[in-house]
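First comes the structure, then the notes that go with it.
Letters go in sequence order (proteins before strands), and every chain restarts at 1.
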Amino acid sequence: MENRFSFLEAEPQWLSQWQKIHLGAPANGTEAPFVMVIPPPNITGSLHVGHALDNILPDCLIRYHLSRGRPALRVPGTDHAGIAAQFVVEKHLKSQGVDRNRLSRDEFEAVLKNWAETTKTNILEQLVKMGCVMDFTRTRFTMDSICSRAVRHAFKHLFDKGLIYQGDRLINWCVRCHSALSDLETEWNSVKGRLYYLRYPLEGGGEIVVATTRPETMLGDSAVAVNPNDSRYFDFKGRFVILPLINRRIPIIQDHRIEAGFGAGAVKVTPGHDPLDWAIGQDHQLPIYKIIGEDGLMTAPAGVYQGLAVAKARQKILDDLKQQNFLIKEEPYAHNTAVCYRCAQVVEPLISKQWFMKMDPLRDLALKAYQDNGEPKFHPPHWGELYRHWLQNLKDWCLSRQIIWGHRIPVWHCKSSSKLKPENFSKSNSELGTGNLEQFSSCHPICSEETPASCPSCGSTALEQDPDVLDTWFSSSLWPMSVFGWPDQTPDFKRFYPTSLMVNGYDITYLWVARMVMMGLYLTGRVPFKEVYLHGLVRDSQGRKMSKSLGNVIDPAVIQNERGTDALRFGLIMAMQPGRDIYLSKDSFVSAQNFNTKLWNASRFILQELSKLTPAAPVKETPANLTHWAHPADFWMIGEINKTIQTFNQEMLRLDPAAALRCLYGAFWGSFCDWYLEIVKLRRLNDRYGNTVSLMRDLLGDFLVCLQPFIPYVTHEITKEFNSYLAVKTLLALHPSPAPWNVKSDLLQQGARWASITKEMVMEIRSLRADLGLSPTDEIQVHWQNASNHGFNSQDTAIIQGLAKCRFVEPSLSAVKIRRVIDSGNIELTLYPATTWDAARETARFRAELEELDRSVNRLKRLLSNTGFTGKAPPDVIEQERGRLQGCLQRREKFSDYLKQLEQSSS
RNA sequence: GGGCAGUUAGCUCAACGGUUAGAGCGUUCGCCUCACACGCGAAAGGUUGGGGGUUCGAAUCCCUCACUGCCCACCA
């Protein structure tokens, strides 16, 4: 074995073996498989460290369940990522000097398909390299034929139920992406703008002042609103305003949504370009003027301002208002503006004909499932309430996007007649005036899973598919169903749906998780996953988001190259705290790598001991009759591993792999390496040493099996090195998770007691050695009273001598003495240092100890004489306190005795 | 504006009503000791954010204040 784990050489060997182990051995029992689907990464580029988390945490769970003999499946795949992907590809084209607007729809789609193929391959390869156990024969892509079919089927079903409709609504329009966005796809930025106070003249004399941050929208005003209780405006009721610049006559209306306290108390109402104004406009039946177009330029109704970009129009309108004395004042004002969550450009609220989905029936199902059955179960639990609250306030979902990359809406329009269908146009539409609305025939739109041959109403074959594509999250919301072939009742769908657990970052709880639940419930009657684990977001060591511009991005591939995939996996899992964001720096992976090295080296030591055994045939299995040959140290370690196995299982099952890993880390390094292996070394001369070595090997085997889900590469590589020496016969990943060792509890207790005394003694001596400034080669002489009472024989004392670099001697009356007690004062230790020694310091030490003990004794006496305590506390707690008091008294007696001796000898 | 989470050692976090609050990293000191210097040993470091309450007993439960982060809403 090399003295370092060469991960770069070792890693590639294991990948092909792991790809075969999905679902594990053929299921013999009836236990339901543990099923997860991957949160499909966007095909925008390569995987970042957040993706690594999304995949490594589930992989640990999948591997864990496989090792417990439960069939386990994880389905990989990728997401076409609509706007996000189109944005990235547009940028890429631009960097190559290609303007995407000069490409035809088909040409651009071809570029995107090509891009998707490349990144898909790259992403799947990265997943494989991270060691993820997935069934790559079931790999899906949200735009492949299976998923697309599910999308069309779901759409048609919802359409037929009347839940999907087309209509003119105020929506979020990204001018750069040239598409509508849903409410969840906008983000809010604080901007330092200005608040402008405009003077609106009243018909018949007088004026009213309105405040606005967007003066250019005044061209679209159709009313001025005031609060009905605002006494300043009681007299204005029923009067009209003549809108400056364009001289439109608009009413003054009253609406309770207007806050009297803000600005001037009167608000210009622009139903075409503001969400609140749109709502007010609906209620008051106000006309709508669309003065900003989808291209971000002022439209024809904007009159002389037509064709100007919004910012330029604003400036010109301000100039004109000022010149005509309509601008009273302006003041600095911080407010929020919506931006596109993908391209970060300003979102314009505007009226547009879009496809929407009524969410109420779906929402009700999700609320009922959550309230009645607690489904899905959230980790951490407080997310459940957030989810419920969000559902309660859910609005209709804007489904259509005016981009190219995505699922084309499965609706066809009949072009046979140019006759307009009057009910498609509300009276306000006639005033939109931009001609942007499609002219549809009188035939009903045809929703169909397959391209229809002809119009069912008129028989015409002049059909045109709706040009829009679906929100990328529509296909995502079907993912846990579509990957298994839904709507067909495939064997996979029957066996694996609903899935067991969904793991992803909390940032997409509403965008994705909630929608999957709603769609799953509505379309299949079942919540698509029993549990949801929402992990925190990865941030840098200062808590900032990782971004390319800040230069604080951690590329998982770089960590893998520098420290190994296991270090990446270990470091990420250890950094996870349920419900909290994860702060990472490149240094976060140092101690992870160190652990792997430690594991490697400890294994190397054990292998070396195995190979030294003669004859060449080492013990294959630890002899069962432990009581005949095992040492208390062995029983102690067995007790430790039993506790570890128990905690490990418990934490894994309650979805806290970080706690599980912490427990393994501490037991392996702190108990197994630091103490047990060191003790074993000191037992080499024992004639049963061969048995000890095989026990040590089997204990290592337990650790390897438990650690395998987290650090598969190094553990598998170790089992390979051990070859026939290790009891692990199959591929480690399929080796059964260890059960606690079946050893009588009194033996375990004896072992624990032995270890407790030994460790305390050794640490006391080591501490004193450091205190005295002794060199590690200097032996320190020790006398130990009452040793035999604790059953310590010569082998035990040899172990202590070896660990503490000391030598046991007969008591000496003449030598310098340092006294200590251990085991709560039951054992007295006398040390004879062969060096000068500061008696004054020792005296001070005892005095301090005594003071501390006095305090403890007083406290404990008070506590134990408190009838409130003795009457109410559980008996074992009282017993524990009694024991503590006993120990303190014993120690105090010894220490005052030593102190007296010290004072006598120094005087 | 509404809501959620958090505040414990220099840093990241444990401790899930039991009385002397623990790890890892970092720091300091001593060691290349035959698995490992990616290591070993030793040590320093805390009024558990402030205040009040419940309890025999509070980091833990309740109230309150302060601060931090996030989500939702969007006052023009």
Is there a side-chain polar atom (N or O) of [X] under 4.0 Å from OP1 or OP2 of [N]?
X        : N     : answer
A:Arg859 : B:U20 : yes
A:Gln593 : B:C38 : no
A:Lys681 : B:A35 : yes
A:Lys598 : B:C40 : yes

Give me the distance, rounded to whole Å, that separates [N] from [M] when you measure between the [atom1] atoms they each carry.
N     : M     : atom1 : value
B:U8  : B:U55 : C1'   : 22 Å
B:G45 : B:G22 : P     : 14 Å
B:U47 : B:G10 : P     : 8 Å
B:A23 : B:C67 : C1'   : 27 Å
B:G49 : B:C13 : P     : 15 Å
B:A44 : B:A9  : C1'   : 11 Å
B:A59 : B:G51 : P     : 13 Å
B:A15 : B:G3  : P     : 28 Å

Contact class for [X] (heavy atom, under 4.0 Å): base, sugar-phosphate, or nothing?
X        : value
A:Phe595 : nothing
A:Met763 : sugar-phosphate
A:Gln577 : sugar-phosphate
A:Trp383 : nothing
A:Arg654 : base
A:Lys268 : nothing
A:Leu276 : sugar-phosphate
A:His389 : nothing
A:Pro874 : base
A:Asn336 : base
A:Asn3   : nothing
A:Glu678 : base

Just how far, in rounded Å, is [atom2] of [N] from [atom1] of [X]?
X        : N     : atom1 : atom2 : value
A:Phe589 : B:C38 : CZ    : C1'   : 16 Å
A:Tyr387 : B:G3  : OH    : C1'   : 18 Å
A:Ile582 : B:G69 : CD1   : C1'   : 15 Å
A:Asn596 : B:C38 : CG    : P     : 15 Å
A:Asn594 : B:G39 : CG    : C1'   : 9 Å
A:Leu195 : B:C74 : CG    : P     : 19 Å
A:Asp507 : B:C71 : CG    : P     : 9 Å
A:Asn172 : B:C74 : CG    : P     : 10 Å

So which nucleotide does [N] pair with, by the Watson-Crick or G-U wobble rule with both distances under 3.5 Å?
N     : value
B:A14 : none
B:C29 : B:G41
B:G49 : B:C65
B:A58 : none

A:Glu721 versus A:Leu607, closest heavy-atom pair with distance: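 Result for this residue pair: O-CD2, 4.0 Å.
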
Salt bridge flag under 4.0 Å for residues [X] and [Y]:
X        : Y        : result
A:Glu331 : A:Lys329 : yes
A:Arg4   : A:Glu2   : no
A:Glu760 : A:Arg820 : no
A:Arg892 : A:Glu849 : no
A:Arg257 : A:Asp283 : yes

Examine the side chains of [X] and [Y] and answer whether a donor and an acceptor come within less than 3.5 Å of each other.
X        : Y        : result
A:Arg855 : A:Asn858 : no
A:Asn172 : A:Asp183 : yes
A:Ser767 : A:Glu764 : no

Please figure out whether A:Ala334 or A:Trp669 has its closest RNA chain B nucleotide nearer the 5' end.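 Taking each residue's closest nucleotide, the earlier one in sequence belongs to A:Trp669.
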
Reading RNA chain B from 5' onward, which residue's closest nucleotide shows up sooner: A:Glu852 or A:Asn866?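 Nearest-nucleotide comparison on RNA chain B picks A:Glu852.
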
Among B:A42, B:C56, B:C25, the nucleotide that comes nearest once only the side chain of A:Tyr665 is considered: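 Closest nucleotide to the A:Tyr665 side chain: B:C25.
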
Would you mind telling me which of B:C72, B:A35, B:U20 lies closest to the side-chain atoms of A:Cys888?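 The listed nucleotide nearest to A:Cys888's side chain is B:U20.
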
Rounded distance [0.5 Å steps], CD in A:Gln593 versus CG in A:Leu568: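 Going from CD on A:Gln593 over to CG on A:Leu568, the span is 11.5 Å.
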
Side-chain donor/acceptor of A:Glu764 to base of B:A42, under 3.5 Å: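 Absent.
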
Distances for protein N or O near nucleotides 6-11 of chain B N or O, under 3.5 Å:
from : atom 1 : to       : atom 2 : distance (Å)
B:G6 : O3'    : A:Arg580 : NH2    : 3.4

Under the criterion salt bridge (charged side-chain N to carboxylate O under 4.0 Å, His left out), I'd like the reasoning laid out for A:Arg684 against A:Glu609: C-alpha separation, chi angles, the key distance, then a yes or no. CA-CA 9 Å; A:Arg684 277 182 175 131; A:Glu609 296 302 292; 3.0 Å; yes

